[in-house]
Novice: 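First, the structure itself, so that you have it in front of you.
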There are 2 protein chains.
Amino acid sequence: MATGRTHRPANRSRGIPEATVARLPLYLRALTALSERSVPTVSSEELATAAGVNSAKLRKDFSYLGSYGTRGVGYDVEYLVYQISRELGLTQDWPVVIVGIGNLGAALANYGGFASRGFRVASLIDADPEMAGKVVAGIEVQHSDGLEQVIEDNDVSIGVIATPAASAQPVCDRLVAAGITSILNFAPTVLSVPDGVDVRKVDLSIELQILAFHEQRKAGELSDEDAEELPQGAGEVTASPVAPPAASVTKRGSGSGKSPAGASGGTSGRNGEPGSDGDVPAVMPA
Amino acid sequence: MATGRTHRPANRSRGIPEATVARLPLYLRALTALSERSVPTVSSEELATAAGVNSAKLRKDFSYLGSYGTRGVGYDVEYLVYQISRELGLTQDWPVVIVGIGNLGAALANYGGFASRGFRVASLIDADPEMAGKVVAGIEVQHSDGLEQVIEDNDVSIGVIATPAASAQPVCDRLVAAGITSILNFAPTVLSVPDGVDVRKVDLSIELQILAFHEQRKAGELSDEDAEELPQGAGEVTASPVAPPAASVTKRGSGSGKSPAGASGGTSGRNGEPGSDGDVPAVMPA
DNA sequence: ATGTGTGAACATTTTCACAGCG
DNA sequence: CGCTGTGAAAATGTTCACACAT
């Protein structure tokens with residue numbers, strides 16, 4: 001690791017913790033908002049609140065980047081915006097290709113957050129010949145055939161997959177073969193990629209399922225809910241493909257409002273690593 | 001397998017770790033696929049591979065649910081599907097409202113993964129009168145005015161926010177006031193909610209930023225990249241609203257393909273907790 | 001005074017490695 | 001013998017609390 005930098009405020013020697021990296025965008029967002037309001041400085045307390053974390057965590061996070069604050073005062077907003085942007089690599093332009101221009105792909109293409117931070121949609125790709133030529137978010141959709149060419153011409157290293165689950169792996173393979181080393185996957189599938197390629201995934205239904213888990217807890221605090229273990233004679237609960245596993249209770253009997261025991265905060269999730277096969281029931285828009 | 005199950009095998013007393021909960025949907029997806037292929041049993045190794053995790057983690061995760069496997073054999077697919085579904089609360093029907101029917105909202109409404117697992121779109125809501133009446137994913141979009149009514153009528157407890165950032169908090173407040181206790185937020189904003197309400201967020205641009213961070217690392221292994229600290233005279237890096245922070249280097253000079261040092265795996269992220277205010281540059285589709 | 005920066009305590013998660021059930 | 005289930009170790013992440021720079 002060309003960690004040439006022998007001099008360094010304090011930390012910042014090597015590796016910033018993943019957990020910290022994952023929060024930097026959050027801080028950046030809050031800081032950008034402050035910057036727009038021309039706020040010159042913020043305390044860790046204020047910024048933490050705006051970013052939705054606690055101040056101790058925020059200070060610890062910043063300590064990994066270096067000592068960018070002023071004791072007794074706080075942090076210089078503009079300066080921090082710059083430092084974090086640089087740390088995240090947003091001071092450079094990142095061309096991105098989006099594959100699969102269905103509702104989701106279109107939403108992504110139109111998403112302001114992309115363009116607003118160093119990301120530039122280099123191309124929109126779709127396998128459907130019908131889509132080719134159509135203009136989405138001001139960009140002409142291209143047919144999959146040109147995928148490799150676009151990646152090479154624009155030196156793209158980040159690809160977004162918004163195709164149906166079944167096409168995800170094939171598309172992924174082509175992206176990787178064409179030189180892409182970072183993939184954001186929206187298809188509900190585990191992508192298998194070679195070493196050196198990063199994959200992050202966003203799975204809408206997984207998030208909902210996690211919410212359902214907590215929701216169920218809130219409801220079942222007293223109600224006792226389901227039986228206990230299993231309804232006996234397992235193995236026959238449901239075998240119908242792509243259909244809801246079991247019964248349909250249409251929510252628990254409780255009213256709506258609050259719930260007894262808190263079970264509040266519990267918000268946090270994690271994305272996995274690459275893997276291998278994986279085909280799933282659900283199908284995405286396309 | 002109606003395993004003898006001595007009743008509450010071992011763990012499973014209370015709280016399943018959050019990290020485990022977040023992976024259950026992953027296992028469920030892999031299991032559902034196996035179920036569709038009529039595979040009767042799987043070993044932790046096979047299932048782990050299909051889910052994109054390692055077997056030790058998977059076994060540990062399952063141990064929190066109870067002893068649902070058979071030593072020397074593996075796990076009964078159907079049985080596990082049922083157990084996990086039940087644990088996640090998917091054996092019941094969860095009505096969901098989606099607010100903000102732009103590209104993203106439409107993509108969500110059409111998303112097969114929702115319907116396929118206990119989630120039912122009870123209503124699509126949009127603030128734009130023009131949208132009211134239009135049919136998306138077979139459901140008629142309703143104007144925001146009816147929000148509270150819909151939630152009450154269908155006893156909805158989960159809401160999805162896919163509105164522009166500026167509307168997110170107001171919408172959130174209404175959802176909460178109407179009795180919703182779980183929110184999936186796609187708007188790039190920190191939502192502030194009372195205790196007892198869960199918020200999970202999905203931020204497209206944050207994921208990309210994390211990828212950019214790793215991508216930058218891969219490239220900068222030897223190149224030395226940017227200068228060092230700051231370009232001095234901070235405070236003027238950029239102040240333009242909703243515009244790229246700094247320069248535009250259009251990626252680093254490297255070619256496309258692989259990169260020297262690995263910097264492989266590094267895939268994992270985390271979502272934050274609820275917070276307070278927060279308004280941001282980017283704007284979502286709507 | 002005030003609020004950062006951080007060592008150290010605490011908590012959670014992951015990985016190891018192996019006893020023991022089928 | 002093979003594979004689960006799980007204590008115990010290691011690694012990561014979070015929170016505390018306070019010295020100390022401004």
Side-chain angles (χ1 to χ4, degrees), chain A residues 8-24 27 40-49 51-77 79-80 83 265-273, chain B residues 1-6 8-24 26-27 41-49 51-77 79-80 83 265-273:
Chain A
R8 256 294 114 77
N11 281 309
R12 197 4 196 358
S13 46
R14 204 72 300 251
I16 292 161
E18 261 305 304
T20 294
V21 172
R23 279 187 296 266
L24 292 181
Y27 301 141
T41 59
V42 252
S43 65
S44 61
E45 198 66 63
E46 298 167 322
L47 183 53
T49 300
V53 302
N54 68 47
S55 61
K57 199 183 290 186
L58 178 146
R59 287 203 302 282
K60 181 61 103 178
D61 282 342
F62 285 0
S63 81
Y64 292 118
L65 308 184
S67 296
Y68 295 152
T70 306
R71 297 184 187 219
V73 179
Y75 302 90
D76 179 280
V77 175
Y79 184 53
L80 247 194
Q83 288 300 344
T267 310
S268 91
R270 200 178 252 295
N271 286 346
E273 314 127 22
Chain B
M1 276 302 135
T3 317
R5 281 171 258 100
T6 334
R8 202 56 37 61
N11 281 310
R12 203 327 176 43
S13 45
R14 207 73 299 259
I16 291 160
E18 260 305 304
T20 294
V21 172
R23 277 187 298 265
L24 292 182
L26 235 50
Y27 301 142
T41 58
V42 252
S43 65
S44 61
E45 198 67 61
E46 297 166 322
L47 182 54
T49 300
V53 303
N54 67 47
S55 61
K57 199 183 290 185
L58 178 145
R59 286 203 304 280
K60 179 62 101 179
D61 282 342
F62 285 180
S63 81
Y64 292 118
L65 308 184
S67 296
Y68 294 151
T70 307
R71 296 179 189 225
V73 179
Y75 302 90
D76 180 279
V77 175
Y79 184 52
L80 246 195
Q83 288 301 345
T267 309
S268 92
R270 201 179 251 297
N271 287 346
E273 312 125 23

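Below, chains carry the letters A, B, ... as their sequence lines are ordered, and counting in each starts from 1.
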Novice: OP1 or OP2 of dT14(D) less than 4.0 angstrom from a side-chain nitrogen or oxygen of Tyr64(A), does that happen here?
Specialist: no
Novice: In terms of side-chain heavy atoms of Arg23(A), which of dT14(C), dT14(D), dG5(C) is nearest?
Specialist: dT14(D)
Novice: Using atom NZ of Lys60(B) as one end and atom C1' of dA10(D) as the other, report the distance to the nearest whole Å.
Specialist: 13 Å
Novice: Is a side-chain donor or acceptor of Thr20(B) paired with a backbone partner of Ile16(B) at a separation under 3.5 angstrom?
Specialist: no
Novice: Please check if the side chain of Ser43(B) supplies one atom and the backbone of Glu46(B) the other of a donor-acceptor pair under 3.5 Å.
Specialist: yes
Novice: To the nearest angstrom, how far is Tyr27(B) atom OH from dT4(D) atom P?
Specialist: 13 Å
Novice: Which atoms form the tightest heavy-atom contact between Leu65(B) and Tyr68(B), and what is the distance?
Specialist: O-OH, 3.3 Å
Novice: Could you tell me how far apart Asp76(B) (CG) and dT4(D) (C1') are, to the nearest whole angstrom?
Specialist: 15 Å
Novice: DNA chain C: Asp61(A) or Gly72(A), which has the more 5' nearest nucleotide?
Specialist: Gly72(A)
Novice: Closer to the 5' end of DNA chain C via nearest nucleotide, is it Pro17(B) or Gly74(A)?
Specialist: Gly74(A)
Novice: For dG3(C), does either OP1 or OP2 sit under 4.0 Å from a side-chain N or O belonging to Ser44(A)?
Specialist: no
Novice: Taking all non-hydrogen atoms of both residues into account, name the closest pair between Tyr75(B) and Arg59(B) and its distance.
Specialist: OH-CG, 3.8 Å
Novice: Atom CZ of Arg59(A) and atom C1' of dA21(D): how far apart are they, to the nearest Å?
Specialist: 14 Å
Novice: Quickly work out the Glu46(A) CD to dG3(C) P distance and round it to whole Å.
Specialist: 8 Å
Novice: Rounded to whole Å, how long is the line connecting atom CG of Asn54(B) with atom C1' of dT13(C)?
Specialist: 12 Å
Novice: Please state how far atom CD1 in Ile16(A) lies from atom P in dG13(D), giving the value in whole angstrom units.
Specialist: 12 Å
Novice: Looking only at the side chain of Lys57(B) (C-beta and beyond, no hydrogens), which of the listed nucleotides dG5(D), dT14(C), dC20(D) gets closest?
Specialist: dT14(C)
Novice: Give a yes or no on whether a donor-acceptor pair under 3.5 Å exists between the nucleobase atoms of dT4(D), that is its base, and the side chain of Arg71(B).
Specialist: yes
Novice: Contact class for Phe62(A) (heavy atom, under 4.0 Å): base, sugar-phosphate, or nothing?
Specialist: nothing
Novice: Search all heavy atoms of Tyr27(B) against all heavy atoms of Leu47(B) and return the closest pair with its distance.
Specialist: O-CD1, 4.4 Å
Novice: When you measure from the side chain of Thr70(A), which nucleotide among dT22(D), dT15(D), dT15(C) comes out closest?
Specialist: dT22(D)
Novice: Roughly, in whole Å, what's the span from CG in Leu58(B) to P in dC3(D)?
Specialist: 14 Å
